[in-house]
Amino acid sequence: MREGYEGTGPGTITPDGCAVELYSRLPVGEEPDIIAAAAPAGARILELGSGVGRMTHPLLERGFEVTAVDESSEMLARVRGARTICSPIEGLDLGETFDVVILASFLVHAGDIEVRRGILRACARHAAEGGCVLIQREGEDYHSNVPRERVDPSGFTLRILSAEPAGDGADSVSAEYVFPDATWTHTFLARPLTKEQFEEALAEAGLRVDRYLTEDRVWVRAVPVEEKTAPVEQKTAPVEEKTA
């Protein structure tokens, strides 16, 4: 388990506190449509932090070729029809590039700055010339509008219970997912980023905002900076690869 991360509830809990059974139940939102509108038809996509394939499968159905990356082999075991890579994102180096790199699930808000830097460098490293990185940011009131809850039409309730300072600018966020037959909790570290701080973090990794894809600026299309100085390479972690 990563330090500062914890999860409870039925089934396997991954190193970042996520429950495999929970993510297998969560419905697909509008994310695949946002991605499809911003990606070239039939693009080769690298999906970082794919989990059980909630977005992977709809993207495959839309004709994209997807390589799904996650550090949990239990999550990846539920992905069908895509090439899968078991690895932490921050150490990933596949030696190839993709038309589109996806970094969803607010992973750009990693509580550890060095982890965030490694994640964004991995995004830049795998973006092809002329390609892009699609990033999902937190909403601007994510850490201040607490507690809050949302009742999903599919039949569960999501509660963000608290966001408490955890030191060095990061918050410890506690969430609860309540289904009629089961409850899961998730505690994780997240670092709030203003629009300016977010763009500075991109620049450090050799990326820049091309455009914000949604009015709330949650989804962003970033592109590699031309003639950038290559970022410092981090030691890469071993990967486990298979095709489902």
Exercise for review: Run the numbers on Val79 and Val52 for side chain to side chain contact (heavy atoms under 4.5 Å, CB included), then give the verdict.
Suggested key: CA-CA 5 Å; Val79 175; Val52 297; 5.6 Å; no
Review point. Is the shortest heavy-atom distance from the side chain of Lys195 to the side chain of Arg217 under 4.5 Å?
Key: yes
Check your understanding: Are Arg137 and Phe198 in a cation-pi contact, defined as NZ or CZ under 6.0 Å from the six-membered ring centre and within 45° of the axis?
Key -> yes
Practice item. Answer yes when Arg2 and Glu90 have at least one side-chain N-carboxylate O distance shorter than 4.0 Å, and no when they do not. Key: yes
Point to revise | Glu96/Arg125 salt bridge by N-O under 4.0 Å criterion | key: no
Practice item. Just do the side-chain hydrogen bond (donor to acceptor under 3.5 Å, both in side chains) check on Glu164 and Ser162 with the steps written out, would you? Key: CA-CA 6 Å; Glu164 301 292 338; Ser162 61; 4.8 Å; no
Check your understanding: Hey, is the main chain of Leu22 close enough, under 3.5 Å, to the side chain of Tyr177 for a donor-acceptor pair?
Key -> no
Point to revise | Salt bridge Arg117-Glu204, side-chain N to carboxylate O under 4.0 Å | key: yes
Exercise for review: Check whether any side-chain heavy atom of Val178 lies under 4.5 Å from a side-chain heavy atom of Arg159, and answer yes or no.
Suggested key: yes
Exercise for review: Working to the nearest 0.5 Å, report the span between CG of Leu161 and OG1 of Thr185.
Suggested key: 8.5 Å
Check your understanding: Got a second to check how far Glu176's CD is from Leu158's CG, nearest 0.5 Å?
Key -> 9.5 Å
**Study point:** Side-chain H-bond candidate by donor/acceptor type, Thr56 with Glu47, under 3.5 Å
**Key:** yes
**Study point:** Salt bridge Asp112-Arg191, side-chain N to carboxylate O under 4.0 Å
**Key:** no
Practice item. Give a yes or no on whether the backbone of Pro27 and the side-chain of Arg54 come within a donor-acceptor separation of less than 3.5 Å. Key: yes
Revision key, fill the gap. Rounding to 0.5 Å, atoms OG1 (Thr214) and CD (Glu31) come to a distance of 10.5 Å
Check your understanding: Side chains of Leu213 and Val220: does their closest heavy-atom pair fall under 4.5 Å?
Key -> no
Exercise for review: Decide side chain to side chain contact (heavy atoms under 4.5 Å, CB included) for Leu202 and Val209; before the verdict, give the C-alpha distance in whole Å, the side-chain angles of both, and the deciding distance to 0.1 Å.
Suggested key: CA-CA 8 Å; Leu202 291 185; Val209 171; 3.6 Å; yes
Check your understanding: Passes side chain to side chain contact (heavy atoms under 4.5 Å, CB included), Arg116 versus Ile113? Steps please.
Key -> CA-CA 5 Å; Arg116 183 193 71 204; Ile113 292 177; 3.9 Å; yes
Practice item. Give the cluster check for Val20 versus Phe156: same hydrophobic cluster or not, with ILVMFWY residues linked at side-chain heavy-atom distances below 4.5 Å. Key: yes
Exercise for review: Following the transitive rule for hydrophobic clusters with a side-chain heavy-atom cut-off under 4.5 Å over Ile, Leu, Val, Met, Phe, Trp and Tyr, establish whether Ile89 and Val108 coincide in one cluster.
Suggested key: yes
Check your understanding: Is there a chain of hydrophobic side chains (I, L, V, M, F, W, Y, each step under 4.5 Å between heavy atoms) that links Ile34 to Val223?
Key -> no
Check your understanding: What's the spacing between Ile135 CD1 and His109 NE2 if we round to 0.5 Å?
Key -> 9.5 Å
Review point. Arg44 side chain to Thr97 main-chain N or O, any donor-acceptor pair under 3.5 Å?
Key: yes
**Study point:** Phe98 with Ile35, same ILVMFWY side-chain cluster at under 4.5 Å
**Key:** no
**Study point:** Side chain to side chain, Ile13 and Thr8, heavy atoms closer than 4.5 Å
**Key:** no
Exercise for review: Report yes if the side chains of Leu76 and Ser50 come closer than 4.5 Å at any heavy-atom pair, otherwise no.
Suggested key: yes
Practice item. Grab the two heavy atoms, one from Ala205 and one from Arg121, that are nearest each other, plus how far apart they are. Key: CB-N, 4.0 Å
Check your understanding: Val101, Met55: one ILVMFWY side-chain cluster at the under-4.5 Å cut-off?
Key -> no
Exercise for review: Provide the closest heavy-atom pair for Leu59 versus Pro32 in the form atom of the first, atom of the second, distance.
Suggested key: CD2-O, 4.1 Å
Review point. Is Arg25 positioned over the aromatic face of Phe179, cation under 6.0 angstrom from the ring centre and no more than 45 degrees off axis?
Key: yes
Check your understanding: What pair of heavy atoms forms the shortest contact from Ala43 to Phe64, and how long is it?
Key -> N-CD2, 3.4 Å
Check your understanding: Would you say the side chain of Tyr5 lies within less than 4.5 Å of the side chain of Leu189, judging by non-hydrogen atoms?
Key -> yes
Check your understanding: Can Thr157 and Glu149 be said to form a side-chain hydrogen bond (donor to acceptor under 3.5 Å, both in side chains), step by step?
Key -> CA-CA 7 Å; Thr157 299; Glu149 77 171 39; 5.3 Å; no
Exercise for review: Please determine if Arg148 forms a cation-pi arrangement with Tyr142, meaning its NZ or CZ atom is less than 6.0 Å from the six-membered ring centre and no more than 45° off the ring axis.
Suggested key: yes
Review point. What do the steps show when you test Leu60 against Arg80 for side chain to side chain contact (heavy atoms under 4.5 Å, CB included), and what is the final call?
Key: CA-CA 9 Å; Leu60 289 170; Arg80 296 289 179 264; over 6 Å; no
Revision key, fill the gap. Between Glu21 and Gly11 the two heavy atoms that sit nearest each other are CG-CA, 4.0 Å
Exercise for review: Determine the minimum heavy-atom distance between Cys86 and Ser73, stating which atoms define it.
Suggested key: SG-N, 3.8 Å
Practice item. Report yes or no: does Asp70 contribute a side-chain atom to a donor-acceptor pair with the main-chain N or O of Gly51 at less than 3.5 Å? Key: yes
Study note, to complete from the structure: Between the CD atom in Glu138 and the CG atom in Leu193, the distance rounded to the nearest 0.5 Å is 7.5 Å
Review point. So, Asp171 side chain and Ala190 main chain: donor-acceptor pair closer than 3.5 Å or not?
Key: no
Review point. Do Leu46 and Leu94 have side-chain heavy atoms sitting under 4.5 Å apart?
Key: yes
Check your understanding: Got a donor-acceptor contact below 3.5 angstrom from the Asp141 side chain to the Ser144 backbone?
Key -> no
Exercise for review: Taking the side chain as every heavy atom from C-beta outward, state whether Val100 and Leu134 have any atom pair closer than 4.5 Å.
Suggested key: yes
Revision key, fill the gap. Scanning both residues in full, the closest heavy-atom pair of Met75 with Cys18 reads CE-CB, 3.8 Å
Practice item. Check for a donor-acceptor pair, side chain of Gln197 on one end and backbone N or O of Thr194 on the other, with a separation under 3.5 Å. Key: yes
Check your understanding: When rounded to the nearest 0.5 angstrom, what is the spacing between CD in Glu140 and CG in Asn145?
Key -> 12.5 Å
